[in-house]
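Let me begin by presenting the structure, written as structure tokens, before commenting on it.
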Number of protein chains: 2
Amino acid sequence: MANSYTTDRSDDEIRSNTDAPEVVVHRLPLYVRVLAQLDVTGAEMVSSEQLGTQLQMTPAQIRKDLSYFGRFGKQGRGYNVKRLSQELRSILGLNRQWNAGLVGVGRLGRAIIAYPGFRPEGFHMVAAFDEDPSVVGSSVGGIDVRPIAQIKETVAELGIHIGIVAVPAPNAQSVCDALVESGIKAILNYAPVAPQVPLEVKVRGVDPVLALQSMTYFLKS
Amino acid sequence: MANSYTTDRSDDEIRSNTDAPEVVVHRLPLYVRVLAQLDVTGAEMVSSEQLGTQLQMTPAQIRKDLSYFGRFGKQGRGYNVKRLSQELRSILGLNRQWNAGLVGVGRLGRAIIAYPGFRPEGFHMVAAFDEDPSVVGSSVGGIDVRPIAQIKETVAELGIHIGIVAVPAPNAQSVCDALVESGIKAILNYAPVAPQVPLEVKVRGVDPVLALQSMTYFLKS
DNA sequence: GTTTGTGAAGGATTTCACAGCA
DNA sequence: TGCTGTGAAATCCTTCACAAAC
């Protein structure tokens with residue numbers, strides 16, 4: 001199974017983490033992000049109090065979150081910025097390259113290919129797929145566009161771990177089905193739908209319209 | 001509690017909603033989205049069971065969520081798709097136009113201006129701002145680009161409700177400060193930072209990298 | 001003096017389960 | 001019969017508060 005450094009307990013530096021709540025896992029990348037910023041400014045140590053101020057959350061929550069994974073701080077001093085950053089990156093699996101395949105090379109898909117934020121974080125776009133024969137075979141941002149029918153073989157061939165869906169809403173479900181069928185276990189979904197996938201497949205949505213639509217509730221004074 | 005005596009106004013069709021949890025508000029746009037899809041397919045009625053299947057959540061949660069705002073269903077029949085959609089849109093304040101101002105007209109900002117998903121949902125981009133003098137004064141996607149120093153007067157002049165931040169990380173905090181200073185109460189933040197804003201200002205982030213970075217935790221087998 | 005790590009308490013959210021209505 | 005609406009129970013998550021460590 002998964003985490004199998006199940007030596008005995010109590011004094012482990014890194015603790016078995018099968019029981020870290022999912023909300024906590026979602027916050028870890030936030031911590032990684034501010035730690036990187038702190039590191040750039042030259043800070044050596046940081047307290048949960050300072051992190052809490054930066055992130056607008058309580059120091060207790062930060063300490064509790066970190067405590068699910070290990071004991072990374074020193075009483076009276078706080079956390080070593082570089083060390084904590086490195087530990088969290090290791091926990092999240094960020095110390096390696098992850099290959100992503102993009103489905104949908106329209107306007108949105110091209111913007112995603114051009115987005116410079118993925119590669120420095122280790123996410124490499126290694127393939128692109130589209131159903132439009134006039135796009136298939138061309139190269140977009142240095143990536144060859146293949147037909148959607150070749151998803152399965154390409155995922156195997158190139159070792160793709162993550163599917164990125166940028167097709168129109170009506171096509172999103174069948175694209176997700178194809179990705180799941182090819183063995184993909186993580187999907188980043190830009191389409192404005194909630195695709196149905198097996199329990200073991202993680203889907204995270206990126207939808208600015210949803211974000212706006214919940215803020216208007218509070219604006220509506 | 002009080003279900004025996006009808007001492008006070010517990011029979012309102014639309015109930016006072018000051019106490020709806022924020023997580024519930026965040027889910028309402030999801031309901032609106034599937035209801036719109038159901039409506040297109042011609043469905044008249046829908047049960048919480050069916051909605052739950054679509055959204056991969058429990059029927060009980062959907063019923064409970066809706067119950068914070070009113071009693072929209074009919075026992076034995078479910079919810080009228082058009083009616084429920086309309087009620088939720090009204091609760092969220094989606095039956096009107098909201099004006100947005102974009103800060104940062106670089107690659108990302110241009111993609112946001114070109115994104116066709118906002119306008120059909122009532123979100124109108126009415127202004128754009130940048131600090132680069134070679135961009136200020138030009139027109140991008142039909143929107144005139146103004147200097148950042150003019151945010152405050154433009155927000156007042158054009159009635160801007162929402163700020164959209166698409167500047168590089170190091171500039172995001174000062175841009176958010178300027179938006180807050182101009183009276184903006186809702187910010188959609190594309191920059192990879194957690195800006196600090198007063199409690200009464202809502203910020204929602206759009207960051208595909210954060211989404212990927214939490215999924216790798218689960219991939220990391 | 002400072003700040004962590006963590007049981008325990010408190011609060012929030014989800015699920016259960018069923019009365020009541022169509 | 002089928003399904004909602006909702007108190008109550010169960011679960012999940014956050015905050016408290018303090019002993020221990022530096």
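Order of the sequence lines sets the chain letters (A, B, ...), proteins ahead of strands, with each chain counted from 1.
In the helix from C/dG1-D/dC22 to C/dA22-D/dT1, the terminal helix axes, each the rotation mapping four pairs' C1' atoms onto the next four within five end pairs, subtend 10°, rounded to 10°.
Put simply, CD on B/E22 is 17 Å from P on D/dC13, counting in whole angstrom units. For A/H26 and D/dC13, the NE2 to P distance is 10 Å, given to the nearest whole Å. Atom P of nucleotide C/dT4 and atom CG of A/N80 are separated by 13 Å, given to the nearest angstrom. The separation between B/R27 atom CZ and C/dA12 atom C1' is 12 Å, rounded to whole Å. Whole-Å rounding puts the B/R83 CZ to D/dT4 P distance at 14 Å. Separating the CG atom of B/L51 from the C1' atom of D/dG5 is a distance of 15 Å, rounded to the nearest angstrom. Rounded to an integer number of Å, the gap from CZ of B/R71 to C1' of C/dA19 is 14 Å. If you take CD of B/E49 and P of D/dG5, they are 15 Å apart, rounded to a whole angstrom.
When the salt bridge (Lys or Arg N to Asp or Glu O under 4.0 Å) test is applied to B/E200, no partner is found at least two apart in sequence or on another chain. Applying the side-chain contact (heavy atoms from CB on, under 4.5 Å) rule to A/A127 yields the partners A/F129, A/T154, A/L158, A/I160; only residues at least two apart in sequence or on another chain are considered. By the side-chain hydrogen bond (donor to acceptor under 3.5 Å, both in side chains) test, B/R110 pairs with no residue at all, sequence neighbours left out. Annotation: side-chain contact (heavy atoms from CB on, under 4.5 Å) contacts of A/S47 (sequence neighbours excluded): A/E49, A/Q50. With sequence neighbours excluded, no residue forms a salt bridge (Lys or Arg N to Asp or Glu O under 4.0 Å) with B/R63. For B/P120, there are no side-chain contact (heavy atoms from CB on, under 4.5 Å) partners two or more places apart in sequence or in a different chain. A/Y190 is linked by a side-chain hydrogen bond (donor to acceptor under 3.5 Å, both in side chains) to nothing, counting only residues two or more places apart in sequence or in another chain.
Contact annotation: B/Y79 side-chain N/O to D/dG2 OP1/OP2 distance is not under 4.0 Å.
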Nucleotides 19-22 of chain D: which of its N/O atoms have a protein N/O under 3.5 Å away?
from, atom 1, to, atom 2, distance (Å)
D/dA21, O4', A/Q75, NE2, 2.9
D/dC22, O4', A/Q75, O, 3.4
D/dC22, O3', A/R77, NE, 3.4
D/dC22, O3', A/R77, NH2, 3.3

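Within the 4.5 Å cutoff, the side chain of A/V25 has no heavy atoms near those of the A/I91 side chain. Two residues are said to be in side-chain contact when any heavy atoms from C-beta on lie closer than 4.5 Å; A/L30 and A/L55 meet this criterion. With contacts defined as side-chain heavy-atom distances shorter than 4.5 Å, the pair B/I148/B/I151 qualifies. Taking the side chain as every heavy atom from C-beta outward, B/V193 and A/Q37 approach each other to under 4.5 Å.
Sorted by residue number, the members of residues 53-66 of chain B with any non-hydrogen atom under 4.0 Å from DNA chain D read B/R63, B/K64. Within a heavy-atom distance below 4.0 Å of DNA chain D, the residues of residues 40-48 of chain B found are B/S47, B/S48.
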Donor-acceptor pairs under 3.5 angstrom involving side-chain atoms of residues 175-185 of chain A: please list them, not counting sequence neighbours.
from, atom 1, to, atom 2, distance (Å)
A/D177, OD1, A/Q173, NE2, 2.9
A/E181, OE2, A/K152, NZ, 2.9
A/S182, OG, A/L179, O, 2.6

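Screening A/E121, A/R89, A/R33, A/H26 for a side chain to side chain donor-acceptor pair (under 3.5 Å) involving B/Q213 leaves a single residue, A/E121.
In this structure, the side chain of B/H161 does not engage the main chain of B/W98 through any donor-acceptor pair within 3.5 Å.
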